[in-house]
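Numbers restart at 1 for each chain; the letters A, B, ... are given by sequence-line order, proteins then strands.
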Number of protein chains: 2
Amino acid sequence: MISLEQQKNPNPEDFPSELEGLRMTKQRREVLAVILAERDHPTANDVFTRAQERMPTISLATVYNCLEALVSHSLVRQVNFERESSRYCPNLSDHCHFQDEKSGKIHDVVFKGGVKLEDLLELPQGTKISHLEISLKGRFGK
Amino acid sequence: MISLEQQKNPNPEDFPSELEGLRMTKQRREVLAVILAERDHPTANDVFTRAQERMPTISLATVYNCLEALVSHSLVRQVNFERESSRYCPNLSDHCHFQDEKSGKIHDVVFKGGVKLEDLLELPQGTKISHLEISLKGRFGK
DNA sequence: GTCGAAATTTGGAATTATTCTAATTCGGAA
DNA sequence: TTCCGAATTAGAATAATTCCAAATTTCGAC
């Protein structure tokens with residue numbers, strides 16, 4: 001797994017011309033930079049709005065294209081909650097997501113030491129998991 | 001948790017007039033019967049089509065209404081996979097879902113003896129989980 | 001550097017699942 | 001039977017996402 005540093009103002013120009021086999025274009029760099037800039041979970045539209053600040057000509061379709069490219073090359077994670085619009089997550093380490101019902105905000109949640117979910121499921125021998133998503137909803141204790 | 005028997009041809013008329021505090025109307029009975037009739041994971045539209053066989057006048061909007069009522073009263077589970085349309089599941093016991101990438105079909109997966117996912121997560125003290133969904137995607141071993 | 005092919009971007013249209021709306025119908029209580 | 005709130009209905013509206021076809025950019029070969 002590649003490790004892209006989270007930083008306040010990532011400079012799109014600092015990304016190499018290729019990441020994880022994905023050719024980095026100006027727009028893909030910008031979209032990636034937007035996502036790495038904050039540790040939150042923006043929607044495609046949020047990303048679009050933020051990207052427009054530095055690249056006013058970028059289109060929403062391109063943002064969708066870039067997101068799909070980045071996700072499929074594991075540079076960004078896609079997060080789905082029920083039927084809400086997809087969100088995107090810069091944290092590539094093993095974790096799942098908790099949505100606070102009060103604020104709607106999404107938080108990363110990690111597993112206790114070394115737990116591998118796959119080991120806890122009754123799956124037919126040899127089953128290959130290519131994708132796994134855990135979504136929690138609830139309220140923080142007060 | 002209520003336990004509604006899975007059976008080949010559930011008779012909508014056999015359901016009591018109220019289930020889990022939800023008043024059972026003709027349409028809600030029919031929708032519930034459709035879902036209990038098969039151990040699969042139909043979309044709202046699938047349910048609509050199947051319900052129409054015995055109740056040709058039912059509308060899609062009603063199917064959506066009924067599904068939402070049944071789900072919110074825990075008579076049926078809603079299953080979401082990425083951005084695909086929601087599916088509905090008659091199995092109320094603790095389990096998660098695996099989608100076979102080859103067929104697209106969804107299968108129920110149970111946890112190994114008594115594992116409680118909540119116990120494996122690093123959540124702030126007192127966090128109340130109201131909803132939890134685990135979705136897996138992959139291929140069965142051959 | 002120039003050329004052509006291939007990939008990417010773009011704006012707008014199209015799609016699709018779902019929700020909303022307003023009118024009608026139903027079902028139970030009085 | 002009558003009344004009232006809830007449920008149903010058909011169709012319109014919404015919203016996220018995808019599709020499309022044209023324009024632009026990039027890349028490699030020369």
(Q) Does anything in residues 118-127 of chain B form a salt bridge (charged side-chain N to carboxylate O under 4.0 Å, His left out)? List the pairs, not counting sequence neighbours. (A) none

Q. Which of the following nucleotides, dT17(D), dC19(D), dA6(D), is nearest to the side chain of Ala61(A)?
A. dC19(D)

Q. So, Arg87(B) and Asp40(B), do they make that salt bridge, N to O below 4.0 Å?
A. no

Q) What's the CD-P distance between Gln52(B) and dT8(D), to the nearest Å? A) 15 Å

**Q.** Atom-to-atom span, NZ of Lys26(B) to C1' of dT8(D) - whole angstrom
**A.** 10 Å

Q.
Reading DNA chain C from 5' to 3', where do the contacts with chain B start and stop? Cut-off is 4.0 Å to heavy atoms.
A. dA17(C) to dG27(C)

(Q) Just to be sure I understand the rule, does Thr43(A) reach a base, reach only the sugar-phosphate, or reach nothing, if contact means heavy atoms closer than 4.0 Å? (A) nothing

Q) What's the CG-P distance between Asn65(A) and dT24(D), to the nearest Å? A) 18 Å

Q) Is Phe111(B) close to Ile134(B) at the side-chain level, that is, under 4.5 Å between some pair of heavy atoms? A) yes

**Q.** Nearest-Å distance for atom pair CZ/P, residues Arg83(A) and dT17(D)
**A.** 10 Å

Q. Around Lys102(A), counting heavy atoms of other residues, nucleotides and ligands shown, do more than 12 lie under 6.0 Å from its NZ?
A. no

Q.
Counting the benzene-type ring for Trp, do Tyr64(A) and Phe48(A) have ring centres under 6.0 Å apart?
A. no

Q) Whole-Å distance between dC4(D) P and Arg23(B) CZ? A) 17 Å

Q.
Side-chain N or O of Thr62(B) versus OP1/OP2 of dT8(D): is the shortest distance under 4.0 Å?
A. no

Q.
Distance check needed: dT9(D) P versus Glu30(B) CD, whole Å only.
A. 11 Å

Q) Do Arg54(B) and Glu30(B) meet the salt-bridge criterion of a basic N to acidic O distance under 4.0 Å? A) yes

Q: Give the rounded distance in Å between these two atoms: CZ of Arg28(B) and P of dT9(D).
A: 12 Å

Q) Whole-Å distance between dA16(D) C1' and Glu84(B) CD? A) 15 Å

Q) Under 4.0 Å between a Lys/Arg side-chain N and an Asp/Glu carboxylate O for Asp94(A) and Lys116(A)? A) yes

